[in-house]
Amino acid sequence: MIMDEFKHEVNGYMQRQADRLLAHQASIASASYNSRTGSLARALASKATVQDATVSIPYPVHIRFLDMKKTHTGKKKRAYTPIYNRYVYGYLKSDIWRMLMAAFPKQMIKAIEGTVKTVK
């Protein structure tokens with residue numbers, strides 16, 4: 001019972017963070033990147049799915065290459081704006097980690113209080 005509530009809470013938080021991440025990346029893409037095929041804009045406009053504490057975002061393959069500071073020839077890019085690593089680790093890894101570190105003790109306290117009340 002408590003684990004189901006906790007899973008639901010974590011999945012909800014992960015969904016909110018994924019939506020915030022996509023919205024932030026979409027604003028960066030529209031302001032800093034030229035649209036050629038539109039695959040980046042379509043991917044960032046889509047919805048992330050969260051299932052069993054796993055976030056799935058349909059990114060195009062080339063988004064990782066947009067984060068590189070140099071071109072494939074080794075020359076430094078004139079216009080460089082981070083769009084992937086910085087935000088994925090910030091929104092998904094760091095924020096969710098902080099939420100989990102605060103939520104675990106709360107769930108443990110609820111479980112202990114529940115067992116103490118039933119014993120009395």
Side-chain angles (χ1 to χ4, degrees):
M1 174 94 168
I2 291 176
M3 285 306 294
D4 292 336
E5 293 173 14
F6 184 67
K7 285 180 188 177
H8 183 70
E9 181 182 339
V10 169
N11 283 343
Y13 187 79
M14 291 175 94
Q15 184 67 51
R16 287 190 301 276
Q17 286 299 101
D19 292 342
R20 286 181 59 213
L21 168 69
L22 287 172
H24 193 133
Q25 287 177 323
S27 69
I28 291 170
S30 66
S32 301
Y33 290 100
N34 295 328
S35 179
R36 293 188 181 145
T37 63
S39 64
L40 180 63
R42 277 192 305 276
L44 296 176
S46 67
K47 186 114 170 122
T49 57
V50 177
Q51 186 175 12
D52 297 331
T54 302
V55 178
S56 297
I57 300 174
Y59 283 127
V61 175
H62 72 278
I63 194 169
R64 297 291 304 265
F65 296 104
L66 295 175
D67 244 12
M68 293 181 173
K69 292 183 180 181
K70 296 184 180 182
T71 64
H72 67 282
T73 59
K75 293 182 181 179
K76 187 175 180 180
K77 289 182 179 179
R78 277 187 263 154
Y80 164 71
T81 306
I83 192 169
Y84 182 75
N85 286 334
R86 180 177 185 181
Y87 300 105
V88 168
Y89 285 103
Y91 280 93
L92 295 182
K93 184 198 171 284
S94 298
D95 285 348
I96 292 173
W97 176 259
R98 273 188 247 128
M99 188 278 298
L100 288 173
M101 291 300 105
F104 275 135
K106 289 178 187 174
Q107 289 297 321
M108 295 300 292
I109 290 169
K110 281 183 185 178
I112 292 169
E113 286 176 348
T115 57
V116 169
K117 288 179 183 176
T118 57
V119 172
K120 287 184 180 181

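None of the values given here were measured: they were computed from a predicted structure. Position 1 is the first residue of the sequence; numbering continues from there. Any value given below was found using the heavy atoms of this structure, including those in side chains, with hydrogens, waters and symmetry copies removed.
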Seminar exercise, completed: Here the pair of heavy atoms bringing Ala43 nearest to Pro58 is CB-O, 3.1 Å
Exercise. Which residues pass the side chain to side chain donor-acceptor pair (under 3.5 Å) test with Arg20, sequence neighbours left out?
Worked result: Gln17
Exercise. Hey, quick one: are Ile109 and Met99 part of the same hydrophobic cluster, counting side-chain heavy atoms closer than 4.5 Å, chains of contacts allowed?
Worked result: no
Exercise. Hey, are the side chains of Val88 and Ile57 touching, using non-hydrogen atoms and a 4.5 Å cut-off?
Worked result: no
Exercise. CD1 of Ile96 to CE of Met101: how many Å apart, nearest 0.5 Å?
Worked result: 12.0 Å
Exercise. For the atom pair OG1 (Thr49) and CE (Met14), what is the distance rounded to the nearest 0.5 Å?
Worked result: 10.5 Å
For this session: Evaluate the side-chain proximity of Leu44 to Tyr59: yes if any heavy-atom separation is below 4.5 Å, no if none is.
Result: yes
Exercise. Under the criterion side-chain contact (heavy atoms from CB on, under 4.5 Å), which of Leu22, Ile28, Leu21 is the partner of His24?
Worked result: Ile28
Exercise. Is it the case that one hydrophobic cluster holds both Leu40 and Val61, taking links as side-chain heavy atoms less than 4.5 Å apart, direct or via other members?
Worked result: no
Problem set entry | Verify same cluster id: Tyr89, Tyr84 (apolar side-chain graph, 4.5 Å) | no
Exercise. With side chains defined as the heavy atoms from C-beta onward, is the minimum distance between Leu100 and Tyr13 less than 4.5 Å?
Worked result: no
Exercise. Does any donor atom in the side chain of Gln25 or Tyr91 lie under 3.5 Å from an acceptor atom in the other side chain?
Worked result: no
For this session: Test side-chain contact (heavy atoms from CB on, under 4.5 Å) on Arg98 and Ser94 and set out the steps.
Result: CA-CA 6 Å; Arg98 273 188 247 128; Ser94 298; 3.7 Å; yes
Problem set entry | No-hydrogen, no-angle side-chain donor-acceptor test under 3.5 Å, Gln15 and Asp19 | yes
For this session: Report, as yes or no, whether the 6.0 Å neighbourhood of atom NE2 on His62 holds more than 12 heavy atoms from other residues, nucleotides or ligands.
Result: yes
